[in-house]
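One structure is given below, encoded as structure tokens.
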Amino acid sequence: MTRAWFLPLLLVVGGSAVATVLFLDGSPGAAAPLLLVFVVLAGVNSPLIFPRSIGALEAQRRSAADGRPIVYWRPGCPYCMRLRIRLGRDARQAYWVNIWRDPAGAAAVRAVNDGDETVPTVVVAGQSHTNPDPQWARDRLFPSA
């Protein structure tokens with residue numbers, strides 16, 4: 001879990017340091033927006049923008065029962081973030097598995113990606129799609145959206 005928060009924490013600390021220097025140099029007007037940018041970047045790179053993750057085994061069980069897709073992801077992944085943002089509110093209809101928190105999820109991703117932990121990996125009806133185009137995912141996963 002520490003890895004998931006390392007980049008956001010680094011962004012907040014670094015942004016705070018730069019903003020403090022600007023503020024002490026007499027530029028509070030530049031310090032405030034810069035700090036805001038760093039805080040927003042930290043939020044976007046944190047696990048907070050993703051739906052609550054569940055374990056891979058639970059996601060597979062639920063997906064088999066209701067047919068909803070499974071998205072394997074990891075914090076800090078720009079492709080995962082792109083997919084999450086593109087899916088919008090519909091992202092909550094999928095089961096999200098954080099491979100850094102779930103060893104079974106990491107193993108499932110390695111099994112379909114020749115041993116690599118390439119994310120996002122989307123599984124729909126037992127068929128895996130590695131780093132799918134966000135528009136493709138939106139159109140195929142949630143056609144009514």
Considering all heavy atoms, the nearest Leu57-Ala104 contact: CG-CB, 4.4 Å
Leu35 and Ser16, any side-chain heavy atoms less than 4.5 Å apart: yes
Which atom of Asn98 lies closest to which atom of Trp100, heavy atoms considered: OD1-N, 2.9 Å
Over all atoms of both residues, closest heavy-atom pair of Pro33 and Gly29: CD-O, 2.9 Å
pair Tyr95-Asp66: side-chain heavy atoms closer than 4.5 Å: yes
Contact check, side chains of Pro120 and Asn131, non-hydrogen atoms, under 4.5 Å: yes
Cluster link Val37 to Leu22, ILVMFWY, side chain under 4.5 Å: yes
Rounded distance (nearest 0.5 Å) linking atom CD of Gln135 with atom CG of Leu87: 9.5 Å
Atom pair OH (Tyr79) and CG (Asp133), whose distance is rounded to the nearest 0.5 Å: 12.5 Å
Residue pairs passing the salt bridge (charged side-chain N to carboxylate O under 4.0 Å, His left out) test where at least one lies in residues 27-41, sequence neighbours excluded: none
Minimum-distance pair of heavy atoms, taken over all atoms of Gly88 and Arg138: N-NH1, 4.3 Å
Residue list, side-chain hydrogen bond (donor to acceptor under 3.5 Å, both in side chains) with Thr130, at least two apart or on another chain: Asn113
Any donor-acceptor pair under 3.5 Å from Asp25 side chain to Ser27 backbone: no
Which atom of Arg52 lies closest to which atom of Arg92, heavy atoms considered: N-NH1, 4.4 Å
Evaluation steps, side-chain contact (heavy atoms from CB on, under 4.5 Å), between Val123 and Val112: CA-CA 10 Å; Val123 178; Val112 297; 5.8 Å; no
same_hphob_cluster(Ile85, Val122) at 4.5 Å side-chain heavy-atom cutoff: yes
Plane angle bin for Trp73 and Trp96 - parallel if under 30°, tilted between 30 and 60°, otherwise perpendicular: perpendicular
Non-hydrogen side-chain atoms of Thr121 and Ile99 separated by less than 4.5 Å: no
Listed partners of Arg61 passing side-chain hydrogen bond (donor to acceptor under 3.5 Å, both in side chains), at least two apart: Glu58
Side-chain donor/acceptor of Arg110 to backbone N/O of Asp114, under 3.5 Å: no
Same cluster (ILVMFWY, side-chain, under 4.5 Å), Leu7 and Phe38: yes
ILVMFWY cluster, Leu41 and Leu34 together (side-chain gap under 4.5 Å): yes
Nearest heavy atoms of Cys77 and Val119, plus distance in Å: SG-O, 3.7 Å
